[in-house]
Amino acid sequence: MSEIRVRMAPSPSGFLHVGTARTTIYNYLFARHHQGKFILRIEDTDVSRSSQEMIDAILDSMRWLGLDWDEGPYYQSQRTLLYQKYAQKLLETKKAYFCFCTKQELDEKKKQAVASKGDWKYDRTCLALSNEEKEEKIRKGAPKAIRLLVPEGETVFSDIVYGELKKENKELEDLVILRSDGTPTYNFACVVDDVEMKISHVIRGNDHIANTFKQVLIYEALGLTPPHFAHIPLILAKDRTKMSKRHGAVSIGEYREEGFLREALVNYITLLGWSPKDDREILSIDQMIELFSLEGVNPANPIFDKEKLEWMNGEYIRSYDNEKLLDLLFPFLIKENLITEEMVRQKRDWLLRFVSLLKERCKTLKEFAEKGKYFFAFDYQYEPTAVSKHFNSAEAAKTLDIFVDRLSKLDSFEKQKIEETLRNLATDMGTKPAPLIHMVRLATTGTTAGPGLFDILEFLGKEEVVKRIKKAVEFIHKI
RNA sequence: GUCCCCAUCGUCUAGCCCGGUCUAGGACACCGCCCUUUCACGGCGGCGACACCGGUUCAAAUCCGGUUGGGGACGCCA
């Protein structure tokens, strides 16, 4: 087979959507698997809907995901002449024709058709124009678009995921390939570029199947062989409709901000519609590159399951070493005002301990900041239900008082010493350690869940622990 | 409405192309139990699916047809 060349062609009218991300990933994996080229092309023929900000945001997300491209980005908006040249060719071979119909005329006809029969297709008014009529219109400077002349028959192509796909040409209308302003429409620019860029495989969402018939028609009019096509199923939201804003996060950037790891995101998204055929689920990029095949793509639309993504993210978090995790964590801790740039440099070892205390318990990076807040700030409220359970007597205050007294006499604040102190106290008071542990946890963290208490106390340090417990004693007295 | 596509546990999927090895496997979620100072992690177990109806066949999750359900496309947007 000749060189494998695939492309991703986002239109810069929004952020990088998870669906687009998956298409990108599949293109990327396919290219890398075959040692081919992955090309990036920006489909910005509709200038009014495109912006440099969106382009930057999309590229930024792609880079973050690790999806590096070999060529591009190419911008369709800079290639207008090329499309015009191709359109001219079709005009000359009578495979396309000028259309002078205005938007208003078309809308009107369409409205009437819908009102009566319900079906509308361009009626070829301008194809029927005589040469004199055409020249007259051109001389008057009437805006003219170019339409493809769809021949009789049927259009067929073989799809790697869906098999043979077929459509009667009478279902298709003579589509506009060049707008009256001289810019190409999507289908035309797409074909021209895929030809010019020698794209061997077009891998895109199955919402493009209807376009593919039109594009195949364009290839045929141009006398060219179409590339291979692979349409991949659409990712649906929980309610089985296309993922959109109202379903929550849909852009890669949002997942990044929520604290998902790029590896987890890529891994999860890849498995949405593709499987390595065995029971493995945690796969590195290299493994996915090695195993990926378009034939293995499931043709049914998958539903995006954020819970499973969270599980997978947790798996990755646990597998990362603390150093790596901490580096990823800084922006989240800083954003929540838990640490400063200064602390990042000066208290790295201490922060590494913080990471190890929470990494078993967090599914996203953001959760470190949420669940670990009390390690940095003594501004929490005691959980009300826990208060009634663990701070429910004067006895509790007294016990805490004795405990804090014994703690302050310790000359070493290592967790073994702390644990010994607490257990001895329990013995002295004739109780089990557990109730005492719960009480101290509530006093020093405000909550009932978290890392092992002795780890927490050691991490906080004597001074802080003493301060927090004394405050709790005051609190209990005030109840 | 017209056209195209899809259909295995609630979800992601293996199996389907090349019918028997499937009393349908794994994972997430959920529910128990174990570990344990709590939470989490980990371990063990449980719940749970071939949409329906016909046909082909000795035999169908696997092949064919229909029904139902779901999705997508119908722009001088991409």
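Keep in mind that this is a model prediction, so the values were computed, not measured. Chain letters run A, B, ... following the sequence lines, proteins first, then strands; residues in each count from 1.
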- Task: Look at all strands and tell whether A:Lys110 reaches a base, only sugar-phosphate, or nothing, counting heavy atoms closer than 4.0 Å.
- Result: sugar-phosphate
- Item | Under 3.5 Å donor-acceptor pair, A:Arg318 side-chain atoms to B:C41 base atoms | no
- Note on the structure: Whole-Å distance, A:Glu164 CD to B:C5 P, equals 10 Å
- Query: Touch check for A:Thr447, heavy atoms < 4.0 angstrom, all strands: base, sugar-phosphate only, or nothing?
  - Reply: nothing
- Task: Once you apply the 3.5 Å cut-off to both distances, tell me the Watson-Crick or G-U wobble partner of B:C35, or none.
- Result: none
- Task: Specify the separation, in whole Å, of atom CD of A:Glu310 and atom P of B:A29.
- Result: 9 Å
- Item | Selection from B:A78, B:A73, B:C76 that lies nearest to any side-chain heavy atom of A:Ser11 | B:A78
- Query: Does a distance-only test, which skips hydrogens and angles, find a donor-acceptor pair under 3.5 Å between the side chain of A:Asn211 and the base of B:A78?
  - Reply: yes
- Task: Round to a whole Å and report the spacing from CD of A:Glu168 to C1' of B:A73.
- Result: 17 Å
- Is it true that a side-chain atom of A:Asn298 and a backbone atom of A:Pro233 form a donor plus acceptor pair closer than 3.5 Å? no
- Task: Find the distance A:Asp278:CG to B:G25:C1' and express it as a whole number of Å.
- Result: 12 Å
- What does A:Pro143 touch in the nucleic acid at a heavy-atom separation under 4.0 angstrom: a base, only the sugar-phosphate, or nothing? nothing
Between the protein and nucleotides 7-11 of chain B, are there any N/O to N/O pairs under 3.5 Å, and if so, what are the atom names and distances?
| residue | atom | partner | partner atom | Å |
| --- | --- | --- | --- | --- |
| B:U11 | OP1 | A:Arg240 | NH2 | 2.3 |

- Query: Can you tell me how far C1' in B:A61 sits from the matching atom in B:G15, rounded to whole Å?
  - Reply: 8 Å
- Task: Take the protein atom CG of A:Leu271 and the nucleotide atom P of B:G26, then report the distance between them rounded to whole Å.
- Result: 17 Å
- Report which part of the nucleic acid A:Cys362 touches: base, sugar-phosphate, or nothing (heavy-atom distance under 4.0 Å, all strands). nothing
Every protein N/O lying under 3.5 Å from an N/O of nucleotides 43-49 of chain B:
none

- Task: Would you mind classifying the nucleic acid contact of A:Thr448 as base, sugar-phosphate or nothing, using non-hydrogen atoms under 4.0 angstrom?
- Result: base
- Base, sugar-phosphate alone, or nothing: which one does A:Ser180 contact when heavy atoms must sit under 4.0 Å apart? base
- Who pairs with B:G1 - Watson-Crick or G-U, where each distance is under 3.5 Å: B:C74
- Pick base, sugar-phosphate or nothing for A:Ala449, based on heavy-atom distances below 4.0 Å to the nucleic acid. base
- Message: Using whole Å, what does the distance between atom P of nucleotide B:A78 and atom CG of A:Asp207 come to?
- Response: 14 Å
